[in-house]
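Everything numeric in this text was worked out from a predicted model, so none of it was measured.
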Amino acid sequence: QVQLVESGGGLVQAGGSLRLSCAASGRTFSRRAMGWFRQAPGKEREFVAVISWSGSDTTYADSVKGRFTISRDNTKNTGYLQMNYLKPEDTAVYYCAARTLSYSSGSAQKDDYSDWGQGTQVTVSS
């Protein structure tokens, strides 16, 4: 089990950028895929991006492809989500999560993740 803490959220104008961080405690983080999800008011939590445990493979939701970049630094037990060209529809609480199984590929399914952070609010004004 790992504990995850997100940071870096805030208020930004449309077209701006933010970089979210996900700091992990626990020895297993480096062996597990890490995903970012988001949840807007009144909506289901949705997949944003995932990176494999080694960092070699990434997958993005169509809505953020080309604008967001996921990365990780296993030496620092930290993951990142660089968000550029932000749009008002990106407004949500953003969560990082660690996949349940070690050394597995990334997944867009919430049920494949057992450890979640508390979330960080991202608000994009028009």
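In this view, Thr123 and Gln121 satisfy the side-chain hydrogen bond (donor to acceptor under 3.5 Å, both in side chains) rule, not counting sequence neighbours. Legend: residues meeting side-chain hydrogen bond (donor to acceptor under 3.5 Å, both in side chains) with Asn84, ordered by chain and number and at least two apart, are Ser17, Gln82. Every side-chain hydrogen bond (donor to acceptor under 3.5 Å, both in side chains) that Thr28 has, sequence neighbours left out, goes to Arg32. With sequence neighbours left out, Ser56 forms a side-chain contact (heavy atoms from CB on, under 4.5 Å) with Ser52, Ser54. For Glu89, there are no side-chain hydrogen bond (donor to acceptor under 3.5 Å, both in side chains) partners, not counting sequence neighbours. Gln109 is linked by a side-chain contact (heavy atoms from CB on, under 4.5 Å) to Ser107, Asp112, counting only residues two or more places apart in sequence or in another chain.
Screening residues 9-26 for salt bridge (Lys or Arg N to Asp or Glu O under 4.0 Å), with sequence neighbours left out, gives no hits. Judged as a disulfide (SG to SG under 2.5 Å), not a single pair has a partner in residues 48-88 (not counting sequence neighbours). Among residue pairs with one or both ends in residues 46-55, those qualifying as salt bridge (Lys or Arg N to Asp or Glu O under 4.0 Å) are Arg38-Glu46; sequence neighbours excluded. Residue pairs meeting the salt bridge (Lys or Arg N to Asp or Glu O under 4.0 Å) criterion with at least one member in residues 7-17: none, sequence neighbours excluded. Listed by first and then second residue, the ring pair (Phe, Tyr, Trp, His ring centres under 6.0 Å) pairs that reach into residues 45-77 are Phe37-Phe47, Trp53-Tyr103, sequence neighbours excluded. Listed by first and then second residue, the disulfide (SG to SG under 2.5 Å) pairs that reach into residues 58-114 are Cys22-Cys96, sequence neighbours excluded.
Thr100 places a side-chain N or O within donor-acceptor distance of the main-chain N or O of Ser114, the cut-off being under 3.5 Å. Judged purely by atom type and a 3.5 angstrom limit, Ser126 has no side-chain atom pairing as donor or acceptor with the backbone of Pro88.
The residues Asp90 and Lys87 are annotated as not salt-bridged, no charged nitrogen and carboxylate oxygen being separated by less than 4.0 angstrom.
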